[in-house]
Amino acid sequence: MSFLPISFEDMNERGWEQLDFLYISGDAYVDHPSFGHAIITRLLESEGFKVGIIAQPSWKSSEDFKRLGRPKYGVLISSGVIDSMVNHYTSSKKKRSEDIYSPGGKAGYRPDRAVIVYANKIKEIFKDTPVIIGGIEASLRRFAHYDYWDDKVRRSILVDSKADLLLYGMGEKSIIEMSKLLKKDIPIQSLKNIRGSAYMASYEELPEDIKSAVASRGTKKIAILPSFEEVAEDKKIYAEAFKIQYNEQDAINGRTLVQRHGDRYLVQNPPALPMSVSELDKVYALPYERTYHPSYESKGGISAITEVEFSITSHRGCYGGCSFCALNFHQGRVIQKRSQASIINEARKLTWTEGFKGYIHDVGGPTANFRNIACEKQVKYGVCKDRQCLYPEPCKNLIVDHSEYLSLLRKLRELPNVKKVFIRSGIRYDYLMYDKEDTFFKELCEHHVSGQLKVAPEHVVDRVLEKMGKSKRQLYDKFVKKFYDINKSINKEQYLVPYLMSSHPGSDLNAAVELAEYLKEHHIMPEQVQDFYPTPGTLSTCMFYTGYDIRNMKKVYVPKAVKEKAMQRALLQYRRKENYHLIVEALKEAHREDLIGFSPNCLVKPMRGKGKGSAENGIKDSRNVEGKKAVKGNNYKKARDSRRKPKGSKK
């Protein structure tokens, strides 16, 4: 095994004079299956193609882009595993100072809107070479989309990048089909029927069936979206267009989507068919080096590898339906899983890896306990367009069964040199509670929790949870009680670390106050709180921009003012001294002055005078005792570090 070429010297060692494909990545080169560039390049290599990688080229000149010469078939471009704007900026649009996907964790190795910058540079250097874009940034920006950083609707990324083809989703099937057609000397402009692809064309260049659909405003197999100009002008039309996009992202029942941009048309073909178990097994059996390129060693390495080095991806897809998640547009709602044999084989490889100390840090996917399809109907008819599997109540056809996942975990626990197998990618607690058998829940607590189990209730106010697409608080309360009851029965002291979100559409100041009261009542002190971050491709972002919930086209309250967002966030961390004035102001604005006082239910104490000292006196006691030890009556404990590492782990 060896890394793919990153220089002419590497190509010469292989006896190559020219690449078939050049892959340009916004991330540093990490040859591990948790990184899209590693999967795509290794897959092309397995099909006999010569592939080289230029990672994080300097975009201020042309030299880096020429490093491996002009490829024979095309240039593949991705911003990396995260949208470059999310990578660069916080939810408050402040520049980040770190980038775990770059050498030494330093920021600045990639440009804003990396896909557009890289693609335009390649078009300038290799004028006639096909440019194919993909990865999360391209995938979620394939339609006209609201951009939080510009605060406006931007055109499809295909327009601004001038790329010839966009491969959305995970891309394995699409890339192989495309590469084989290019090898047959079929022009890229003729590749208009590949599933999981999107392209731009003039009216004259459109296939005849799409021309007919444009003329008739749509057919059974082709949906015509409102144009870029229309969605940019009218927020309600934008919401209506997004609803069509959202409902058509299924390989079995999804239609071809067409959206006019000026005098050209964006065409999205239906998603690629789900990968079979054997196909996914093949992807994860490719000869990855499972670490970063050695050229980064002198620069401090790539810290992102520590998050995945001893973790295993068991499946893809998620039918959870959270409004703020973009998986519907990228991996899809259908679960695609690896075989147990494939996963166990990878676990054995981990035990032979230098630095392995007996701990497998995770075995999961977007949601760890979704290992199988949601229902049998999905196999034949695809996912439902008119409802979710779990929200607002579980579908009667939902298969709730942890037995296969439990069987896998038991086998992994029994492997030689494996001390512990943790689950850290997230448990869907509502699905867990719908299981009539307690066996998995008990073994989860006994064997797979490293002292703290991270869960994502996100909020506790039902009117906010409804906008989030999450189950009601009552179910979460039952889960919490059951978790602590089970741990008590097995004589373990373990705790829940809830992920919480402030300022999500639907959350007004009163909802934030209710959440703060919940935290106070249950002695929960979150060290980290996530402000809602509007990113392309999510239902919540559509709500944020338009003010409409596409599921019923009703208006939604959206907190956008900087001051209100700061108040909502501060309320979730009301014990922090620096938040005192914001909290008092928020409580007064919400007409909840009853929470300013000396009773046990109050969030803060009243100010006793003017000036800095009195503000500190007002919260001194509330910051002091609570949380320094577990509150036995509620079985809660302060989560001192929501990222606490398992004992003996490198992570």
Side-chain angles (χ1 to χ4, degrees), residues 74 119 123 128 130-134 138-145 153-169 171 173-175 177-182 184-234 236-273 329 332 382 385 536-537 550:
K123 282 290 184 180
D128 300 322
V131 171
I132 303 97
I133 58 176
S139 187
L140 300 184
R141 295 174 179 269
R142 57 189 184 268
F143 299 104
H145 58 282
V153 177
R154 290 181 64 98
R155 302 177 295 184
S156 165
I157 197 170
L158 271 167
V159 178
D160 292 330
S161 68
K162 302 179 179 64
D164 298 287
L165 195 66
L166 185 157
L167 302 182
Y168 68 89
K173 286 195 169 186
S174 307
I175 198 81
E177 183 179 353
M178 181 207 72
S179 60
K180 289 180 177 179
L181 291 171
L182 291 177
K184 293 179 180 179
D185 293 328
I186 297 174
I188 197 163
Q189 292 78 14
S190 300
L191 306 185
K192 290 182 166 59
N193 296 306
I194 297 175
R195 280 180 165 271
S197 73
Y199 61 90
M200 297 294 302
S202 66
Y203 181 79
E204 292 73 22
E205 295 169 331
L206 293 173
E208 290 302 319
D209 59 338
I210 294 180
K211 286 182 181 178
S212 299
V214 169
S216 60
R217 299 300 300 166
T219 64
K220 288 184 178 180
K221 293 186 177 181
I222 301 170
I224 308 300
L225 300 171
S227 68
F228 160 70
E229 291 76 12
E230 290 173 307
V231 300
E233 180 69 25
D234 190 309
K236 190 169 186 180
I237 292 176
Y238 182 101
E240 291 168 349
F242 186 86
K243 182 176 183 178
I244 298 170
Q245 297 163 23
Y246 193 84
N247 287 337
E248 299 296 339
Q249 300 306 319
D250 182 68
I252 295 176
N253 60 38
R255 293 182 289 174
T256 298
L257 301 179
V258 181
Q259 185 176 50
R260 182 173 60 81
H261 285 61
D263 60 355
R264 305 189 75 213
Y265 292 82
L266 164 69
V267 180
Q268 181 212 268
N269 290 313
L273 292 169
F329 271 80
K385 294 184 180 182
I550 66 165

Main-chain N/O of Tyr265 paired to Arg260 side chain as donor or acceptor, under 3.5 Å: no
Does the distance from a Lys or Arg side-chain N to an Asp or Glu carboxylate O, for Lys243 and Glu240, drop under 4.0 Å? no
Of all the heavy-atom pairs spanning His261 and Val159, show the shortest one and how long it is. CD2-CG2, 3.9 Å
Does the side chain of Val131 come within less than 4.5 Å of Lys123's, by heavy atoms? yes
Hey, mind stepping through Ile188 and Ile132 against side chain to side chain contact (heavy atoms under 4.5 Å, CB included) and telling me if it holds? CA-CA 9 Å; Ile188 197 163; Ile132 303 97; 3.7 Å; yes
Taking Ala251's backbone N and O only, do any of them form a donor-acceptor pair with Arg195's side chain (distance below 3.5 Å, no angle check)? yes
Are the side chain of Glu229 and the backbone of Gly262 linked by a donor-acceptor contact shorter than 3.5 Å? yes
Hey, is NZ on Lys385 packed in by over 12 heavy atoms from elsewhere, all under 6.0 Å? yes
Considering only heavy atoms from C-beta outward, does the side chain of Leu167 approach that of Met178 to under 4.5 Å? yes
Using 0.5 Å steps for rounding, measure from the CG atom of Leu225 to the CD atom of Gln245. 5.5 Å
Ser139 versus Tyr168, closest heavy-atom pair with distance: OG-CB, 3.5 Å
Side-chain touch Arg255/Ile222, heavy atoms, less than 4.5 angstrom: no
What pair of heavy atoms forms the shortest contact from Ala201 to Leu206, and how long is it? CB-CD2, 4.0 Å
Minimal non-hydrogen separation, Tyr199 against Asp164, with atom names: CB-O, 4.2 Å
Working for side chain to side chain contact (heavy atoms under 4.5 Å, CB included), residues Asp209 and Lys221: CA-CA 9 Å; Asp209 59 338; Lys221 293 186 177 181; over 6 Å; no
So, taking the atom named OG1 in Thr219 and the one named CD1 in Ile210, what distance separates them when rounded to the nearest 0.5 Å? 9.0 Å
With distance as the sole test, does Asp263 use its side chain to make a donor-acceptor pair with the main-chain N or O of Ser202 at under 3.5 Å? no
Indicate yes or no: at least one non-hydrogen side-chain atom of Thr256 is less than 4.5 angstrom from one of Pro270. yes
Rounded to the nearest 0.5 Å, what separates atom CD1 in Ile157 from atom CD1 in Ile133? 5.0 Å
Indicate yes or no: does Glu204 engage Lys211 in a salt bridge with an N to O separation below 4.0 Å. no
When rounded to the nearest 0.5 angstrom, what distance separates CD in Gln259 from CD in Glu230? 9.0 Å
Quick one: does Leu182's side chain get under 4.5 Å of Leu191's, heavy atoms only? yes
To check you understand the geometry: which heavy-atom pair defines the closest contact between Ser197 and Ile194, and what is its length? OG-O, 2.6 Å
When you measure from the side chain of Ser212 to the backbone of Glu208, do you find a donor-acceptor pair of N or O atoms at a distance under 3.5 Å? yes
Just by distance, do the side chain of Gln268 and the backbone of Arg142 share a donor-acceptor pair under 3.5 Å? no
Any non-hydrogen side-chain atom of Leu257 less than 4.5 Å from a side-chain atom of Phe143? yes
Return the minimal non-hydrogen interatomic distance between Ile244 and Ala223, and the atom names on each side. CG2-CB, 4.2 Å
Tyr238 side chain reached by Pro226 side chain, heavy atoms, under 4.5 Å: no
Can you check whether Arg141 reaches Asp160 side chain to side chain, under 4.5 Å on heavy atoms? no
